Asker: 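Pasting a structure below so you can have a look.
Each chain gets a letter, A, B and so on, in the order the sequences are listed, and its residues count up from 1. If you're wondering where the values come from, they're calculated on a predicted model, not measured in any experiment.
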Amino acid sequence: MDKTSFFQDVYDVVRLIPKGRVTSYGAIANYLGTKGSSRMVGWALNSSIGKDIPAHRVVNRSGLLTGKKHFGDPNRMQELLEKEGIKVKNNQVQDFDKLLWDPIKELF
DNA sequence: CACATGACTGGAT
DNA sequence: AATCCAGCCATGT
């Protein structure tokens, strides 16, 4: 994670997210070392659209599907999550604390 | 080179 | 407890 694009690092972590799990922007940012730059994570994911990046598994710290509107179709993100067994209600992930996959805790 | 923007977060009011 | 404000870093103009 030096000369590699910040995006590439984000992609790598997001790809490692287990199916049926979710993570928060802050968790990824913290894992990358750029703690506090959660905005960059989200922005990086913005470029992940159209790639093999399961960006739908990344939500904000409240478990809210903040980036659903960037998927082309707002309903796409929720459907993908529900398809993986994640319960989503009102753009919000249910049992978020339970499904939360923290790279720092899981990978470290 | 400086300002503005962005899928966020945490502390302050 | 809910809302507001400021900080955070990378990319684009």
Asker: Without decimals, in angstroms, what is the distance between A:F7 CZ and B:dA7 C1'?
Answerer: 12 Å

Asker: Under 4.0 Å between any heavy atoms, over every strand shown, what does A:A44 touch: base, sugar-phosphate, or nothing? Just pick one.
Answerer: nothing

Asker: Mind checking side chain to side chain donor-acceptor pair (under 3.5 Å) for A:S37 and listing every partner two or more places apart, or none if nothing turns up?
Answerer: A:T34

Asker: On a heavy-atom basis, which atom in A:V10 and which in A:A44 lie closest, and how many Å separate them?
Answerer: CG2-CB, 3.8 Å

Asker: More than 12 non-hydrogen atoms from neighbouring residues, nucleotides or ligands closer than 6.0 Å to NZ on A:K51, yes or no?
Answerer: yes

Asker: Would you mind classifying the nucleic acid contact of A:I28 as base, sugar-phosphate or nothing, using non-hydrogen atoms under 4.0 angstrom?
Answerer: nothing

Asker: Expressed as a whole number of angstroms, how long is the span from A:W43:CH2 to C:dC9:C1'?
Answerer: 10 Å

Asker: For A:S48, which contact category applies under a 4.0 Å heavy-atom criterion: base, sugar-phosphate, or nothing?
Answerer: base

Asker: Judged by atom type as modelled, is there a donor-acceptor pair below 3.5 Å linking the side chain of A:R61 to the main-chain atoms of A:G26?
Answerer: no

Asker: Closest approach to the side chain of A:M77, judged atom by atom: which nucleotide of C:dC9, B:dA7, C:dA10 is it?
Answerer: B:dA7

Asker: Identify the two heavy atoms, one from A:T23 and one from A:W101, that lie closest to each other, and give their separation to 0.1 Å.
Answerer: OG1-O, 3.0 Å

Asker: Restricting both atoms to N or O, compile the protein contacts to nucleotides 9-13 of chain B shorter than 3.5 Å, with distance only.
Answerer:
{"from": "B:dT9", "atom 1": "OP1", "to": "A:R61", "atom 2": "N", "distance (Å)": "3.1"}
{"from": "B:dT9", "atom 1": "OP2", "to": "A:R61", "atom 2": "N", "distance (Å)": "2.9"}

Asker: I need the CG-P distance between A:D9 and C:dC9, as an integer number of Å.
Answerer: 16 Å

Asker: How close or far is atom P of C:dA10 from atom CZ of A:F6, stated in whole angstroms?
Answerer: 7 Å

Asker: Identify each donor-acceptor pair in which a side-chain atom of residues 64-71 of chain A lies under 3.5 Å from a protein atom, sequence neighbours left out, and give them as a table.
Answerer:
{"from": "A:T66", "atom 1": "OG1", "to": "A:Y25", "atom 2": "OH", "distance (Å)": "3.3"}
{"from": "A:K68", "atom 1": "NZ", "to": "A:N91", "atom 2": "OD1", "distance (Å)": "3.0"}

